Number of protein chains: 2
Amino acid sequence: MNPRSDSVTTAEPTSGPDSDASASGRSRGRPPVPKERIVATALKIVDEEGADALSLRVLAQRLDSSTATLYRHFSNRAELINHLIDHTFGGVPVQAAELRSLGWEDACRAMATWMFENLRSHPNIAPLLLAQAPTGPNAMALREVALQVLLDDGFSPRVAIRCYATLARFVLGFAIQLNGEETEDAALAEALRNSGEDNLPATSAVAAFGPVPLDDEFSFGLDLLLTGLAQQRSR
Amino acid sequence: MNPRSDSVTTAEPTSGPDSDASASGRSRGRPPVPKERIVATALKIVDEEGADALSLRVLAQRLDSSTATLYRHFSNRAELINHLIDHTFGGVPVQAAELRSLGWEDACRAMATWMFENLRSHPNIAPLLLAQAPTGPNAMALREVALQVLLDDGFSPRVAIRCYATLARFVLGFAIQLNGEETEDAALAEALRNSGEDNLPATSAVAAFGPVPLDDEFSFGLDLLLTGLAQQRSR
DNA sequence: ACCTGAACACCGTTCAAGT
DNA sequence: ACCTGAACACCGTTCAAGT
C-alpha cells in the first residue's frame, strides 16, 4: 500500500541463467517478466516511436506477453508511466560531495543542466511528464542534494525550497517543450518569413535572427535566473 | 493553401436573425455551423471537462452535428486545436502604446503576466499546447508588441528575439504545468512528509515550507529573469 | 497461481448512402 | 451540395476461461 516501499530503482535480483525461473516447477512468487524489464521496454518504445506509440497492446507484444499480464505489475497505465519517468532521473548517480565544493551558483547550474540533458536524451517523454511531476526516489535524491547545497551556502529554508522549486519547474517546463522542436521551429520560421506582409514591422526586423534554438533559450534563461538570484541575494 | 489567409480571429459576419441561413434555399457557400462556434464549443468542453474529454464525437454531439461534418471545417483534430489555442491569446487586445510607455522591464513583466493569467484561466488547455507552440495571428500580435518595446529601448535585434523567445518559453513552460497542480502538490506534499524516514535530511529541513504554489514560482522566476537581464545589460 | 483471448466501451478518421 | 450513420482500425481496462 505504501508506494515508497516499491522502489523503482531496485534492479531485478541476479538470478543466474535466464531459463532459471521457467525450469523450476515451484512457484516462487517472482513474476517471469520483472518490472524493470517492462519499464525499460516501455521507455525504449517511447524513445523509438514516441509517447503515442506506447500502448499496452504494443508493450505486451514486445514482451511476448499480454495486456492483462501488465495489470498484474501496474494497476494502470499511469503507474507504469510514473515508474518510467523516475527511471529517467536515474541515469547518473548524483555526486553530492563534488557538487557541494562548487558553491551554490555553479552547483545549481550543473544540476539543472544535467537534469535538462537527461530529459533531452528522451525528448519523447515530454507528454508523459505532464501527467505528474517527478516525485519518485531518483527525483527526490536529486532534490535532496540541491537543497543541501543551498542550505550549506546560507540560504534560509524558506528561500531554499523556493529556489529549488522554481529552478526545477524551469527545467521541466523547457524540457517538456523539447517535444516537437523541429515542427515548432518550422512553424515559427514560416510565421517569421511572413511577418513582412503581415504588417509586423518589429517582428520582421528581428526575423533574420530566426527561431532561437531551445538549447540556447535554456542556457540563456538559466544564466539569467542565477544572475538574478545572486543579485537579489547581495541586497 | 496559405494558412494565414484563414484568420482564426475573424468573427462570423453578422447575418441578422439566426434562422437566416436555414430559411434561404440558395446555397451561399457559408456553412450553417460557423468555425467560431465550433472552436468556442470545443474550448468550453476543454474548460469544463478537460482536454481528454474533447473527442470529436462529443463535440459533434454538442453542436447537434456529426463527426464527419467537422472534417468539412478542419482537416483533422490538430487543426482544430491550433485554432483553439490561438483563440486563447485573443482574450484581451494588447494596448501597444500603453505598454511602450512602461519601459522594457515593466512592459515585459506585464505581458508575461498577462499571458500567464490568460492561460491560467484555461488550465486544461495544457496538454494541447504541447502539440505545437502558438504561432497563430493573436500570438504573433503579442510577439510584435513585445519586440517593439525591446527594440525601442535599444536592445539589438539579435538580443531582442532571444529575450522574447526565452520569456515566452518560460511562460509557456510554467503555464503548461498548471495542468494538474493540485494532484502534483499532493504527491509532493506526501513525498516531503516522508522525507524524514527516507533519509533526506535537507529535504526534511525545508519540508515545512511545503509545496510552493506555482503562482509564486512563476512570479519569483519572472522577477529573477528580469533582474538578471537588467544586470547583464548594465555591463 | 498465473496467464491469456476475447469482450466492453471508447477513440480519430473515412466513405457510401441519403436528402 | 451538404450532411450523416456506419464502418475501420485502433485504444485502456476487465474477466471468464484455460493450464
Side-chain angles (χ1 to χ4, degrees), chain A residues 12 15 18-35 37-39 41-42 45-46 49-85 124 127-128 130-132 180, chain B residues 12 15 19-35 37-39 41-42 45-46 49-84 124 127-128 130-132 180:
Chain A
E12 163 193 25
S15 58
D18 288 333
S19 55
D20 187 12
S22 59
S24 161
R26 291 190 304 165
S27 69
R28 288 202 273 128
R30 188 157 66 82
V33 180
K35 258 184 169 165
R37 193 160 96 83
I38 299 179
V39 171
T41 304
I45 293 172
V46 171
E49 306 176 49
D52 287 345
L54 178 61
S55 74
L56 299 187
R57 274 179 183 79
V58 168
L59 179 55
Q61 191 180 321
R62 283 237 207 166
L63 292 165
D64 283 321
S65 183
S66 79
T67 56
T69 303
L70 294 175
Y71 279 85
R72 182 169 303 279
H73 302 278
F74 302 95
S75 61
N76 50 36
R77 190 176 188 265
E79 194 179 310
L80 167 65
I81 285 170
N82 278 341
H83 284 253
L84 198 154
I85 287 171
N124 292 337
L128 307 179
L130 276 192
Q132 197 183 339
Chain B
E12 164 194 22
S15 58
S19 55
D20 186 10
S22 60
S24 160
R26 290 188 307 164
S27 69
R28 287 202 273 126
R30 189 156 68 79
V33 179
K35 259 184 169 163
R37 193 159 96 84
I38 298 178
V39 171
T41 305
I45 293 172
V46 171
E49 306 176 50
D52 286 345
L54 178 61
S55 73
L56 299 186
R57 276 180 181 78
V58 168
L59 179 55
Q61 193 181 319
R62 283 238 207 165
L63 292 164
D64 283 320
S65 182
S66 80
T67 56
T69 303
L70 294 175
Y71 279 85
R72 182 168 302 281
H73 302 279
F74 301 96
S75 61
N76 50 38
R77 190 175 188 266
E79 194 179 310
L80 167 66
I81 286 169
N82 277 341
H83 284 252
L84 197 155
N124 292 337
L128 307 179
L130 277 193
Q132 197 183 340

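Just so it is clear, the structure is predicted and the values come from calculations on it, not from any experiment. Naming: A, B, ... by sequence-line order, numbering from 1 per chain. In what follows, every heavy atom counts, from backbone to side chain, and hydrogens, waters and symmetry copies are set aside.
- Among the candidates B:Val58, B:Leu59, B:Asp52, the single residue satisfying the side chain to side chain contact (heavy atoms under 4.5 Å, CB included) test with B:Ser55 is B:Val58.
- Under the side chain to side chain donor-acceptor pair (under 3.5 Å) criterion, A:Arg57 pairs with no residue, sequence neighbours left out.
- Annotation: side chain of A:Thr69 is not in contact with side chain of A:Leu63 (no heavy-atom distance under 4.5 Å).
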Inset, instruction - If a protein heavy atom is under 4.0 Å from the base, mark B; if only from the sugar-phosphate, S; if neither, -; do that for nucleotides 8-19 of chain C going 5' to 3'. - result: ---BBBBB----
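- Every residue meeting the side chain to side chain contact (heavy atoms under 4.5 Å, CB included) condition with A:Leu130, not counting sequence neighbours, appears here in chain and number order: A:Ile176, B:Pro127, B:Leu130, B:Ile176.
- Taking only side-chain nitrogens and oxygens, B:Thr69 never comes nearer than 4.0 Å to OP1 or OP2 of D:dC3.
- Contacts of B:Ala68 classified as side chain to side chain contact (heavy atoms under 4.5 Å, CB included), with partners at least two apart in sequence or in another chain: B:Ser66.
- Judged as a side chain to side chain contact (heavy atoms under 4.5 Å, CB included), and not counting sequence neighbours, the contacts of A:Ile81 are A:Arg77, A:Ile85, A:Leu128.
- For B:Gln61, the side chain to side chain donor-acceptor pair (under 3.5 Å) test picks out no residue, with sequence neighbours left out.
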Inset, instruction - For DNA chain C, just give me the dot-bracket, please: Watson-Crick or G-U, both distances below 3.5 Å, ( ) intra-strand, [ ] crossing earlier pairs, | paired with another strand, . unpaired. - result: ||.|||||...|||||.||
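- Taking A:Ala131 as the reference, nothing meets the side chain to side chain contact (heavy atoms under 4.5 Å, CB included) condition, with sequence neighbours excluded.
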